Enquirer: 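First the structure, which I've put down as structure tokens, then a few questions once you've had a look.
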Number of protein chains: 2
Amino acid sequence: MISLDHVHDPKPEDFPSELEGLRMTKQRREVLAVILGERDHPTANDVFVRAKDRMPTISLATVYNCLEALVSHQIVRQVNFERESSRYCPNLSDHCHFQDEESGKIHDVVFKDGVKLEDFLELPQGTEISHLEISLKGQFGTQK
Amino acid sequence: MISLDHVHDPKPEDFPSELEGLRMTKQRREVLAVILGERDHPTANDVFVRAKDRMPTISLATVYNCLEALVSHQIVRQVNFERESSRYCPNLSDHCHFQDEESGKIHDVVFKDGVKLEDFLELPQGTEISHLEISLKGQFGTQK
DNA sequence: ATCATAATTAGAATAATTCCAAATTTTGGC
DNA sequence: GCCAAAATTTGGAATTATTCTAATTATGAT
């Protein structure tokens, strides 16, 4: 797994021609650059609007295609809050999401050091987790 | 908060004319009875199909209306897995959901005794959680 | 019973996402 | 570089879950 989380304000040209076995086409590069650029958990449509700045010919269908390719190759993460439209996040480390109800902003929330899921959930032996999503809403604190 | 989780195979007539400040109409009773009856986390459409057995004139719009009324009055819970259609759960106790990828079945998963969210998440001081959803997918174990 | 309010209904509308088939681009072999 | 095959992109149509709308019906209070 390659984490690009540290890459800020990247140009599409910064990416190699292949990432995680996925061919990085112009469009995929652009979509990835958008997601790494402004880390506000944009929706597919947000990505589309932003990508058009640099690449006016890109289509929404392509944005969806690129997002699905990036997600399935674990280059970005798909984030859901209830039935709202999906959002996209370049942070691949173990974390979950908090949506502040006042501002609408989404914050990454990390686990306390060393805690594992099995420590707090009553799961039967032999359970294999392939996907986990934790979504919180409320007022996000200011201090600490 | 009134938990009806222990009520199995209820008839619609079993419910009082008001619950949690919500007027229990014929349709709301029926929808609630369906959800308490077969606890397989049905979708709105599943509820609609089942409710029609006893009440052939009920409409899908009404099922959606009833579900939203029951959810907002905290009589049932709405459950989401990524962008799949919402499901409904009569268990109001603190728990989360595991979807077995082989069978498609959804299991309730409880927290280990005494664990609190704040124990495993790094949340800033002053954070107020109004809504929490934890969804897991994978192979659900058989033992224990 | 009358009235005002709330709930139900069928069908239309919406929004996010996926599908489709054609056009374009990329790739690897020569 | 040239060509065929494969992959990707594109615009638009289709799909799906859900919400909205406007008309009808039921309810509860007086």
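In what follows, every chain begins at residue 1, and chains take the letters A, B, ... in the order their sequences are listed. Everything quoted here is computed from the prediction, not taken from an experiment.
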Enquirer: Going by atom types only, do B:His41 and B:Gln99 share a side-chain donor-acceptor pair under 3.5 Å?
Expert: no
Enquirer: Ignoring hydrogens and geometry beyond distance, is a side-chain donor-acceptor pair present between A:Glu133 and B:Ser135 at under 3.5 Å?
Expert: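 Note: A:Glu133 and B:Ser135 side chains miss the donor-acceptor criterion.
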Enquirer: For A:Glu18 and C:dT27, give me the distance from atom CD to atom C1', rounded to whole Å.
Expert: 12 Å
Enquirer: The test is salt bridge (charged side-chain N to carboxylate O under 4.0 Å, His left out); show your working for B:Arg29 and B:Glu13 and say whether it passes.
Expert: CA-CA 7 Å; B:Arg29 261 179 245 267; B:Glu13 314 82 71; over 6 Å; no
Enquirer: Between the side chains of A:Arg39 and A:Asp108, is the shortest nitrogen-to-carboxylate-oxygen separation below 4.0 Å, so that they form an ion pair?
Expert: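 Looking at A:Asp108 and A:Arg39, the cut-off is not met.
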Enquirer: Provide, to the nearest angstrom, the distance between the CZ atom belonging to B:Phe48 and the P atom belonging to D:dT16.
Expert: 16 Å
Enquirer: Using five base pairs at each end, measure the axis-to-axis angle across the helix from C:dA1-D:dT30 to C:dC30-D:dG1 and round it to 10 degrees.
Expert: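 Inter-axis angle at the termini of the helix from C:dA1-D:dT30 to C:dC30-D:dG1: 40°.
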Enquirer: Output yes when B:Lys52 and B:Glu30 qualify as a salt bridge under the 4.0 Å nitrogen-oxygen rule, no when they do not.
Expert: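 Judged by the 4.0 Å cut-off on N to carboxylate O distance, B:Lys52 and B:Glu30 do not form a salt bridge.
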Enquirer: Hey, could you give me the NE2/CG distance between A:His107 and A:Asp100, rounded to the nearest 0.5 Å?
Expert: 5.0 Å
Enquirer: When rounded to the nearest 0.5 angstrom, what is the spacing between CG in B:Leu22 and CD1 in B:Ile75?
Expert: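 Rounded to the nearest 0.5 Å, the CG-CD1 separation comes to 5.0 Å.
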Enquirer: Rounded to the nearest Å, what distance is computed from the CD atom of residue B:Glu82 to the P atom of nucleotide C:dT18?
Expert: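 Nearest whole value for this atom pair: 11 Å.
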Enquirer: With no hydrogens and no angle check, do the side chains of A:Arg77 and A:His95 hold a donor and an acceptor under 3.5 Å apart?
Expert: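 Yes, because at least one side-chain N or O of A:Arg77 sits under 3.5 Å from a partner of the opposite role on A:His95.
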Enquirer: Summarise how protein sits on nucleotides 3-17 of chain C as a single string, 5' to 3': B when a protein heavy atom is under 4.0 Å from the base, S for sugar-phosphate-only contact, - for no contact.
Expert: ---SSBBBB----SB
Enquirer: Indicate whether any N or O donor in one side chain lies under 3.5 Å from an N or O acceptor in the other, for A:Asp46 and A:Thr43.
Expert: yes
Enquirer: Under a 4.0 Å heavy-atom cut-off, which of residues 30-42 of chain B touch DNA chain D?
Expert: none
Enquirer: Under the criterion side-chain hydrogen bond (donor to acceptor under 3.5 Å, both in side chains), I'd like the reasoning laid out for A:His97 against A:Asn80: C-alpha separation, chi angles, the key distance, then a yes or no.
Expert: CA-CA 9 Å; A:His97 294 97; A:Asn80 299 289; over 6 Å; no
Enquirer: Within this structure, what is the CD-to-C1' distance between A:Glu68 and D:dA7, rounded to whole angstrom?
Expert: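 Going from A:Glu68 (CD) to D:dA7 (C1'), I get 14 Å.
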